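Working notes, beginning with the structure itself.
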Amino acid sequence: MFYNSTRNSTVKVNSAEAITQGISADGGLFVPESIPELSLEEIKAVGDMNYADRASFVFSKYLTDFTDAEIHYCTDNAYSTKNFETESIAEIAHLFDGTYMLELWHGPTCAFKDMALQILPYFLTTSAKKINLDKKIVILVATSGDTGKAALEGFKDVEGTSIMVFYPEDGVSPMQKRQMKTQEGSNVGVCALKGNFDDCQNGVKAIFTDGDVKAKLDEKGMMFSSANSINWGRLVPQIVYYISAYAELVKDGEIELGEKINIVVPTGNFGNILAGYYAKHMGLPVNKLICASNINNVLTDFINTGVYDRNRKFYATVSPSMDILISSNLERLLYLLTDRNDTLIKEWFGKLATEGKYEVTDDIKTKLNEEFCAGFCDDIQTKKTIHEIYEKYSYTCDTHTAVAVKVYEDYKKATGDTTKTVIASTASPYKFSASVLEAVQDSVSDLDEYDMIDKLAELSKMPVPTALADLRNKPERFNDVIDKAEQKNYVLKTLGI
């Protein structure tokens with residue numbers, strides 16, 4: 001299995017090279033040259049495996065330059081109770097008849113990003129050895145809240161690496177900010193940016209493709225790589241949990257083998273739902289992929305109209321990990337839908353960079369609507385949904401998962417579709433305790449962050465994750481705040497260049 005760049009189809013690298021580079025030198029994203037197929041019998045067999053073995057099975061289809069022993073080394077170390085608070089790794093909760101919550105937040109940072117970022121350091125260091133790379137790998141990360149902490153936790157004290165995370169100063173929850181500012185590890189760095197997530201992401205991408213910066217790193221025996229979902233090593237682990245969930249539901253008798261399901265994903269950067277698309281095209285029986293957005297609904301508009309327009313007001317919401325106007329993984333989807341037309345991709349994403357807007361062809365609009373449905377809701381609807389779920393089902397969900405539930409409810413009313421449905425639950429409610437507590441109690445609380453957590457635990461009857469409880473007494477290590485124009489120089493200075 002080789003990988004091409006979305007902006008130059010003649011680029012051909014193996015998975016180890018794709019993972020270590022993170023992003024192609026031309027600014028494109030690496031995409032496997034084909035999508036491997038799974039039979040229904042293979043999917044059924046997955047249900048009899050533990051999660052690490054399920055992951056190994058899927059990875060063997062994509063990381064064909066890795067040996068079985070190398071893959072199992074990665075999965076056995078990443079997916080264990082050493083890192084996750086549940087043996088299942090990804091839990092499935094039955095919300096109501098035919099609707100299932102795929103809880104992806106039982107890892108060390110209490111967000112779905114752990115599902116990929118616990119294994120990425122093993123992928124990266126194994127890949128570096130495979131290609132005889134003798135450089136120090138510098139991980140640059142832009143985060144809207146969850147990726148940053150998950151990447152920091154995954155890469156802390158990993159030999160031969162250093163990691164630097166940028167987050168929007170006022171664009172993450174208090175708990176997310178505290179998680180990052182108190183991060184432990186000798187090779188980690190965290191900095192707030194005056195701006196929004198897109199400013200962080202654009203700055204990181206610009207640094208990645210800056211020839212002068214890369215030359216300076218090369219002189220010092222360093223190279224950049226990415227822990228954002230622009231890195232294929234971040235995205236391929238996300239494919240696993242959709243296949244795993246389906247196989248688990250078959251095993252439990254909740255669905256028949258071959259029966260189609262819907263998948264609902266709250267998404268900003270499009271990676272999590274793109275993983276569902278890959279799973280579907282590997283052979284997973286999927287009816288609709290339902291894309292749920294908050295009021296920053298650029299993806300909803302795009303899927304419904306074919307026009308991607310980031311020239312709009314940016315809102316800071318109670319679901320901050322979705323406060324994104326440039327969804328980088330959409331590039332991978334469009335590359336596939338255009339039959340790998342790198343010329344069109346360069347044209348559209350060139351327009352996005354210069355004009356902030358592009359429109360796809362009618363053919364692509366049709367393909368989008370065949371695969372996806374999309375909807376959005378605002379903060380008021382999000383909190384109302386949290387309250388209703390709590391009252392009806394005694395289930396407490398976070399602000400991002402609630403967006404998915406609301407969009408799914410709207411979809412059912414509009415279509416009458418009763419297909420059994422898996423909703424990706426992306427974060428622990430304790431990461432957004434202020435908003436969740438306000439929604440559950442239907443009133444604003446004047447408690448501090450940790451008293452809110454205690455109160456939410458009392459109401460929800462859910463145990464507080466150890467990783468969040470332990471933050472209360474940790475000292476803050478990182479308090480730098482910079483303008484977006486300073487990002488490049490900050491990186492070089494931090495690296496001693």
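Keep in mind the model is a prediction, meaning the values are calculated, not measured.
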Nearest 0.5 Å, please: how far is [atom2] in [Y] from [atom1] in [X]?
{"X": "Y335", "Y": "T6", "atom1": "OH", "atom2": "OG1", "value": "7.0 Å"}
{"X": "L330", "Y": "C291", "atom1": "CG", "atom2": "SG", "value": "9.0 Å"}
{"X": "I380", "Y": "K406", "atom1": "CD1", "atom2": "NZ", "value": "12.0 Å"}
{"X": "E331", "Y": "L29", "atom1": "CD", "atom2": "CG", "value": "4.5 Å"}
{"X": "I364", "Y": "N369", "atom1": "CD1", "atom2": "CG", "value": "11.5 Å"}
{"X": "Q487", "Y": "L140", "atom1": "CD", "atom2": "CG", "value": "8.0 Å"}

- request: Apply side chain to side chain contact (heavy atoms under 4.5 Å, CB included) to C397 and I386, showing your working.
  value: CA-CA 6 Å; C397 70; I386 293 171; 4.3 Å; yes

Step-by-step side chain to side chain contact (heavy atoms under 4.5 Å, CB included) determination, Y490 to M164: CA-CA 10 Å; Y490 183 90; M164 201 176 308; 4.3 Å; yes

Determine all donor-acceptor pairs shorter than 3.5 Å in which one atom belongs to a side chain in residues 314-321; sequence neighbours excluded.
from	atom 1	to	atom 2	distance (Å)
T317	OG1	N294	ND2	3.0
T317	OG1	S319	N	3.0
T317	OG1	S319	O	3.3
T317	OG1	S319	OG	3.2
T317	OG1	D323	OD1	2.7
T317	OG1	D323	OD2	3.4
S319	OG	N294	ND2	3.0
S321	OG	D146	OD2	3.2
S321	OG	Q176	NE2	3.2

- prompt: Strictly by modelled atom types, are N272 and Y242 linked by a side-chain donor-acceptor pair under 3.5 Å?
  reply: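 Note: N272 and Y242 side chains meet the donor-acceptor criterion.
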
query: Do N473 and Y450 meet the criterion of a side-chain donor-acceptor pair at a distance under 3.5 Å?
result: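 Side chains of N473 and Y450: no pair found under 3.5 Å.
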
Should we count [atom1] of [X] as having more than 12 external heavy atoms under 6.0 Å?
{"X": "K384", "atom1": "NZ", "result": "no"}
{"X": "K82", "atom1": "NZ", "result": "yes"}
{"X": "E87", "atom1": "CD", "result": "no"}
{"X": "K357", "atom1": "NZ", "result": "no"}
{"X": "N311", "atom1": "CG", "result": "yes"}
{"X": "F376", "atom1": "CZ", "result": "no"}
{"X": "L447", "atom1": "CG", "result": "yes"}

Taking [Y]'s backbone N and O only, do any of them form a donor-acceptor pair with [X]'s side chain (distance below 3.5 Å, no angle check)?
{"X": "T421", "Y": "T419", "answer": "yes"}
{"X": "S5", "Y": "R7", "answer": "yes"}
{"X": "K288", "Y": "E370", "answer": "yes"}
{"X": "S173", "Y": "K431", "answer": "yes"}
{"X": "N231", "Y": "I19", "answer": "yes"}
{"X": "N269", "Y": "G271", "answer": "no"}
{"X": "R234", "Y": "L117", "answer": "no"}
{"X": "T401", "Y": "T426", "answer": "yes"}
{"X": "N296", "Y": "L325", "answer": "no"}
{"X": "T300", "Y": "G375", "answer": "yes"}

Give the minimum heavy-atom separation between [X] and [Y], together with the two atoms involved.
{"X": "R310", "Y": "A353", "result": "NH2-O, 3.5 Å"}
{"X": "C110", "Y": "L468", "result": "SG-CG, 3.8 Å"}
{"X": "G185", "Y": "K156", "result": "CA-CB, 4.2 Å"}
{"X": "L120", "Y": "A227", "result": "CD2-CA, 3.6 Å"}
{"X": "S460", "Y": "T396", "result": "CB-OG1, 3.2 Å"}
{"X": "L95", "Y": "Y393", "result": "O-CD2, 3.5 Å"}

Are the side chains of [Y] and [X] in contact, using a 4.5 Å heavy-atom criterion?
{"X": "Y390", "Y": "L459", "result": "yes"}
{"X": "V298", "Y": "Y308", "result": "yes"}
{"X": "F59", "Y": "I119", "result": "yes"}
{"X": "V491", "Y": "F166", "result": "yes"}
{"X": "D301", "Y": "D309", "result": "no"}

Basic-acidic side-chain contact under 4.0 Å: [X], [Y]:
{"X": "K455", "Y": "E458", "result": "yes"}
{"X": "E359", "Y": "K365", "result": "yes"}
{"X": "K383", "Y": "D379", "result": "no"}
{"X": "K177", "Y": "E449", "result": "no"}
{"X": "K149", "Y": "E153", "result": "yes"}

query: What pairs meet the ring pair (Phe, Tyr, Trp, His ring centres under 6.0 Å) rule with one or both residues in residues 267-293, with sequence neighbours excluded?
result: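 Sorted result for residues 267-293: W232-Y278, F270-F372, Y277-H281.
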
task: For side chain to side chain contact (heavy atoms under 4.5 Å, CB included), just list the numbers for R178 and E476, CA-CA rounded to whole Å, side-chain angles, deciding distance to a tenth of an Å, and then say yes or no.
output: CA-CA 8 Å; R178 181 152 179 80; E476 291 188 356; 3.4 Å; yes

query: Which is it for N262 and N287 under the side chain to side chain donor-acceptor pair (under 3.5 Å) test, yes or no, and what are the steps along the way?
result: CA-CA 5 Å; N262 291 328; N287 175 40; 2.9 Å; yes

- request: Verify side chain to side chain donor-acceptor pair (under 3.5 Å) between T161 and N187, making sure each step is shown before the conclusion.
  value: CA-CA 7 Å; T161 72; N187 64 336; 3.3 Å; yes

query: Are the aromatic ring centres of Y51 and F84 under 6.0 angstrom apart?
result: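 They do not qualify: ring centres at least 6.0 Å apart.
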
task: Apply the salt bridge (charged side-chain N to carboxylate O under 4.0 Å, His left out) test between D199 and each candidate in K194, K205, K484; give the one that qualifies.
output: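 Between D199 and the candidates, salt bridge (charged side-chain N to carboxylate O under 4.0 Å, His left out) is satisfied uniquely by K484.
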
Steps toward side chain to side chain contact (heavy atoms under 4.5 Å, CB included) verdict (F208, S226): CA-CA 9 Å; F208 262 116; S226 173; 3.5 Å; yes

- request: Start with the C-alpha gap between Y241 and F112, add the side-chain angles, then the distance that decides, and say whether ring pair (Phe, Tyr, Trp, His ring centres under 6.0 Å) holds.
  value: CA-CA 10 Å; Y241 48 69; F112 81 101; 7.2 Å; no

task: Over 60° means perpendicular and under 30° means parallel, so classify the ring planes of F349 and Y358, tilted if in between.
output: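 Taking F349 first and then Y358, their aromatic rings sit tilted (interplane angle of 30° to 60°).
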
